[in-house]
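First comes the structure, then the notes that go with it.
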Amino acid sequence: MDEVAVKPRDVMPENARTLPARYYTDPSLLKAELDGLYGTMWFHAGRSEEAQRPGQYFVRELNGHNIVVTRNASGEIRAFHNVCRHRGTRLCSEATGQFAGSIQCPYHAWTYDLDGRLIGAPHMLEVPHFRKADYPLQPVHAAEWDGHVFLTLRDHSEPLAAQLGPLVAKFRNWNMQDLRLGRRIVYDVKANWKLIIQNYNECLHCPNLHPALNNLSHYLSGENEPLQATYMGGRMDLRPGVDTLSMDGTCPRAILPGLSADDRRHVYYYCIFPNMMLSLHPDYMLTHTLWPIAPDRTINVCEWHFLPSELARPGFDPADCVEFWDMTNRQDWYVCELSQAGIASPAYVPGPYSNREDLLYAFDRFIVDFHAKGTKAAR
Amino acid sequence: MDEVAVKPRDVMPENARTLPARYYTDPSLLKAELDGLYGTMWFHAGRSEEAQRPGQYFVRELNGHNIVVTRNASGEIRAFHNVCRHRGTRLCSEATGQFAGSIQCPYHAWTYDLDGRLIGAPHMLEVPHFRKADYPLQPVHAAEWDGHVFLTLRDHSEPLAAQLGPLVAKFRNWNMQDLRLGRRIVYDVKANWKLIIQNYNECLHCPNLHPALNNLSHYLSGENEPLQATYMGGRMDLRPGVDTLSMDGTCPRAILPGLSADDRRHVYYYCIFPNMMLSLHPDYMLTHTLWPIAPDRTINVCEWHFLPSELARPGFDPADCVEFWDMTNRQDWYVCELSQAGIASPAYVPGPYSNREDLLYAFDRFIVDFHAKGTKAAR
Amino acid sequence: MDEVAVKPRDVMPENARTLPARYYTDPSLLKAELDGLYGTMWFHAGRSEEAQRPGQYFVRELNGHNIVVTRNASGEIRAFHNVCRHRGTRLCSEATGQFAGSIQCPYHAWTYDLDGRLIGAPHMLEVPHFRKADYPLQPVHAAEWDGHVFLTLRDHSEPLAAQLGPLVAKFRNWNMQDLRLGRRIVYDVKANWKLIIQNYNECLHCPNLHPALNNLSHYLSGENEPLQATYMGGRMDLRPGVDTLSMDGTCPRAILPGLSADDRRHVYYYCIFPNMMLSLHPDYMLTHTLWPIAPDRTINVCEWHFLPSELARPGFDPADCVEFWDMTNRQDWYVCELSQAGIASPAYVPGPYSNREDLLYAFDRFIVDFHAKGTKAAR
């Protein structure tokens with residue numbers, strides 16, 4: 001086991017088994033997760049820089065909801081259902097864009113300001129009792145954490161900070177709000193979103209599947225935090241002589257300015273429920289955002305974020321870390337898709353977890369408890 | 001409002017709202033409409049000229065029915081289910097064609113005459129009790145109105161003329177039976193068929209969506225007939241100096257010979273339930289025929305019909321009116337598709353109609369009444 | 001009727017009609033057939049030569065099951081569910097291949113020997129009570145008949161020979177185990193699997209649909225065996241001067257060495273339930289293997305098998321019989337697809353069988369009885 005100091009893991013309960021197949025294949029369970037988990041928690045939607053200026057917008061789709069995220073005239077983040085209050089027409093058909101001060105429906109020209117107030121409705125004044133104030137765009141709650149935009153579809157939700165808990169303080173030194181997008185790759189993964197999260201939360205598969213990664217960080221190194229109510233994760237050690245996760249382990253970029261000496265020797269991997277995977281490297285931030293489409297299909301948006309000073313440097317080229325993670329991502333989606341295919345077989349039966357799959361077992365409990373609660377609530 | 005004399009519309013009821021989403025998204029409601037409306041009314045299928053000679057045929061598909069329309073030896077229009085009485089084989093696999101005097105199944109050569117009588121069935125005479133007379137093609141009722149072919153799947157239907165009512169007399173001067181197809185464009189619209197009908201029946205969206213159309217006919221001009229039992233429509237005024245709806249408003253074709261001076265200054269738009277939209281211009285006829293495929297998908301066949309004398313003229317080119325309506329069509333399908341997308345969102349709630357959307361509200365009542373009747377009948 | 005001696009067929013019962021549409025269109029009936037017929041009988045999977053050497057494998061998919069067929073170190077045929085016992089990952093993602101002595105999961109490197117025993121499971125020994133012996137690959141029963149590989153998903157099945165019955169002796173002279181694959185064509189047929197079997201079991205359609213075949217073998221020639229419990233079939237006569245079924249009726253290959261003079265003048269067509277159609281020619285073997293995908297879709301694997309001595313001959317070219325059957329196949333799938341389309345119409349009603357469709361009517365009884373039993377068993 002090389003020269004790595006391995007911290008032993010707790011022994012798993014004797015009956016620790018993977019979940020029954022229906023958790024990965026049953027459309028009604030996915031619907032329950034979309035309604036009850038994605039529909040009640042804050043979910044990750046994008047970056048503040050994508051709606052930086054008033055009227056700059058981006059659109060996201062989740063569980064049949066189509067949502068426009070923009071910034072109002074005062075610079076506050078705003079989100080609305082992309083549905084005109086007149087005859088239901090989708091207002092924005094582009095994925096990103098810039099409103100010219102207001103949002104106008106292409107059908108009959110109903111017009112809303114950037115806070116969603118109806119300010120124009122041709123010929124509606126001929127209708128008695130019609131009042132513009134009754135027809136604002138339907139809002140979606142939006143909030144920002146260090147440059148990350150989160151949304152929630154629940155009306156009376158706790159603040160985002162309450163959901164994030166200790167993570168806000170924990171990652172403050174990374175100054176994530178200062179980083180800017182350098183590269184985005186969108187993957188269409190033929191697997192359940194939970195298999196992607198499980199794949200992210202164990203490195204037992206690394207020596208076999210990711211030899212390049214294992215050369216940079218030994219798969220038994222690092223340690224996991226115990227599962228929290230709204231996230232789980234841990235950190236891995238960079239091997240001696242390795243500066244970051246890149247094709248050759250060298251780091252051609254400046255280290256993020258706020259990091260401690262200890263943090264410079266680790267990569268943090270945190271899954272923030274329900275749909276964000278945040279990977280913090282000494283010199284860049286990697287984010288995965290999951291958009292479940294079907295029990296066996298998930299859109300997975302992967303983004304690399306860098307210091308603006310690095311991005312501005314002539315000849316800036318992130319290929320060393322983009323290629324490294326793109327290769328590693330594809331290896332991961334490959335086995336996620338094989339797992340989805342195998343679990344869908346009538347011959348699949350739950351199998352035993354090793355001690356190094358502790359986060360997966362904990363995550364499974366979280367999911368099982370969620371569905372059990374839903375069943376009880378439905379009675 | 002320019003110089004247009006606007007006829008005021010009646011004020012809408014205070015609670016006049018668009019329909020709940022399920023009318024546009026629920027497959028069981030579409031099925032009920034296909035069975036109960038399309039399945040009991042006469043629906044528009046095509047033009048007499050498409051089955052002009054004995055044995056000339058065309059095929060249409062509706063609600064799982066595949067129907068061959070042809071003409072018998074006496075020149076009468078005939079339609080049959082495209083299903084062999086032996087083992088159910090589809091008889092015609094081509095969309096159009098010419099029978100050589102009889103209809104033969106490609107599988108075992110059962111043969112029918114153009115009235116659907118079984119006239120050949122190899123080796124069946126070895127079967128005792130087998131009588132050819134027991135196995136005619138199953139007929140579909142077909143009828144013609146001034147060159148339009150209509151079908152009905154109901155066995156004991158009222159005559160086509162009863163369904164058309166006053167329209168037969170109203171449009172006699174257009175001599176539609178004399179017109180011939182000049183151009184066909186088939187659109188695949190990702191929207192419910194009722195949204196296409198609603199889009200057709202108001203021009204409130206015209207100044208915003210169709211500036212070219214609005215330049216030729218002011219959107220507040222004209223007037224609607226009150227909703228009838230089986231159709232609805234009205235007419236719009238051509239602006240002074242405009243001769244027809246074409247790219248520049250000029251008319252390079254002869255005016256239809258039977259028209260009054262008044263009719264030459266208008267364009268008539270009539271939706272004949274369930275699936276025909278008939279647009280009569282001074283010099284040409286435009287037809288849309290709707291074929292619902294799914295709650296969110298409709299095949300829309302758009303055809304331009306002209307005087308044969310015009311079609312025969314050297315260098316005949318209908319581009320002026322084909323391009324005009326193709327552009328306008330595409331603008332319309334664009335907003336119909338945006339409406340379908342928005343209405344499918346869980347955030348959609350019915351919105352208020354203006355007074356100028358009177359036909360839509362009336363059509364909605366017709367649809368709601370239809371479904372209410374069906375529910376009652378099902379008890 | 002040329003000079004052919006026609007053996008009269010029994011007269012069909014007066015009410016002998018084709019099956020109601022639901023047998024060809026209802027997904028729940030297909031599911032019952034896949035579970036109850038395909039899931040309990042031995043079904044044809046491939047040829048012994050496709051898993052000739054230890055570790056050589058091929059993969060088949062049926063009713064959601066994904067199955068690896070290989071040969072163990074002792075040369076015995078073996079089959080397993082393609083599902084790792086750890087987290088359910090599909091083990092083989094390629095359709096064919098060669099294991100290097102063992103089967104290793106690409107995810108966490110669990111490793112099985114060619115008898116399915118778990119022989120490696122990294123880090124699992126840290127888990128108390130974990131025993132490798134508890135996690136073998138789940139077996140599927142496999143057996144061989146003269147070079148054909150059959151599988152069964154039922155645990156306590158009768159031996160393959162019991163299902164084949166008299167066929168084992170009947171076709172021994174063909175020495176099918178000596179033949180080798182010369183050509184494979186995979187057809188994706190938009191028709192129910194039973195329509196393909198029915199099409200195979202009557203030649204009443206031959207004069208109309210297959211004039212080339214009818215030139216080589218008169219459609220009224222030959223005779224059928226009465227329907228057996230697990231197969232049905234018969235044989236057709238080659239016309240005088242015709243040596244085999246090929247484009248011109250000549251035979252450029254050696255006749256199979258074990259055949260009698262009588263067998264050299266016939267082509268045998270046997271449908272071995274549920275999914276094999278075996279066509280034995282004087283000089284080659286043609287097999288069709290059916291894989292139902294949906295009520296209206298079947299993958300149909302057609303293979304031509306020849307004497308190795310012929311395959312080894314310089315310039316060997318099977319085009320004469322490949323083209324002949326490919327042409328004939330395509331004609332058959334064309335009418336099968338037309339039948340599927342017609343039967344799916346609400347206008348379809350069961351039609352009368354002729355006396356020459358005796359096997360079809362018998363097969364229908366077999367299918368109806370199967371479903372009736374299922375219904376009774378479900379009570």
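A note on names: the letters A, B, ... follow the listed sequences, proteins ahead of strands, and every chain is numbered from 1.
- Residues C:Tyr107 and A:His205 share a closest heavy-atom pair of O-CB, 3.3 Å.
- Using a 4.5 Å cut-off between heavy atoms, C:Glu126 contacts chain A through both its backbone and its side chain.
- With a 4.5 Å cut-off on non-hydrogen atoms, A:Glu202 touches chain C through its side chain but not through its backbone.
- Without hydrogens or angle criteria, A:Asn208 side chain to C:Pro106 main chain gives a donor-acceptor distance under 3.5 Å.
- Here C:His129 is the residue among C:Glu61, C:Gln138, C:Arg85, C:His129 with the most heavy-atom pairs under 4.5 Å with chain A.
- Only the side chain of A:Tyr334 comes within contact range of chain C, judged by heavy atoms closer than 4.5 Å.
- The closest side-chain heavy-atom distance from C:Asn82 to A:Ser345 is not below 4.5 Å.
- The closest side-chain heavy-atom distance from A:Glu14 to C:Val127 is not below 4.5 Å.
- The parts of C:His65 that come within reach of chain A are both its backbone and its side chain, each placing non-hydrogen atoms under 4.5 angstrom from that chain.
- The minimum heavy-atom distance between A:Val335 and C:Thr89, with the atom names listed, is O-CG2, 4.3 Å.
- Only the side chain of A:Leu360 comes within contact range of chain C, judged by heavy atoms closer than 4.5 Å.
- Enclosure of atom CG in A:Asp188 by more than 12 non-hydrogen atoms of other residues, nucleotides or ligands within 6.0 angstrom is indicated.
- By the neighbour-count criterion of 12 heavy atoms within 6.0 Å, atom CZ of C:Arg154 is sparsely surrounded, having that number or fewer from other residues, nucleotides or ligands.
- When heavy atoms are compared at a cutoff of 4.5 Å, C:Gln104 approaches chain A solely by way of its side chain, counted from C-beta outward.
- Between chain C and the residues A:Gly351, A:Cys206, A:Ala344, A:Pro207, the largest count of heavy-atom pairs under 4.5 Å involves A:Gly351.
- For the set A:Pro350, A:Ala21, A:Pro352, the count of heavy-atom pairs under 4.5 angstrom toward chain C peaks at A:Pro352.
- Comparing A:Leu19, A:Leu195, A:Leu204, A:Val11 by heavy-atom pairs within less than 4.5 Å of chain C, the highest count is held by A:Leu204.
- Of all the heavy atoms in C:Gly64 and A:Pro346, the pair that sits closest is O-CD, 3.4 Å.
- The shortest heavy-atom contact between C:Arg87 and A:Thr18 is CG-CG2, 3.3 Å.
- For A:Glu357, the part sitting under 4.5 Å from any heavy atom of chain C is the side chain, from C-beta outward, and nothing else.
- At a 4.5 Å heavy-atom cutoff, C:Asp134 makes no contact with chain A through either its backbone or its side chain.
- Heavy-atom minimum distance, A:Tyr348 versus C:Gly88: CD1-CA, 3.7 Å.
- Heavy atoms closer than 4.5 Å to chain A are found in the backbone of C:Cys105, but not in its side chain.
- Both the backbone and the side chain of A:Asn199 have a heavy atom closer than 4.5 Å to some heavy atom of chain C.
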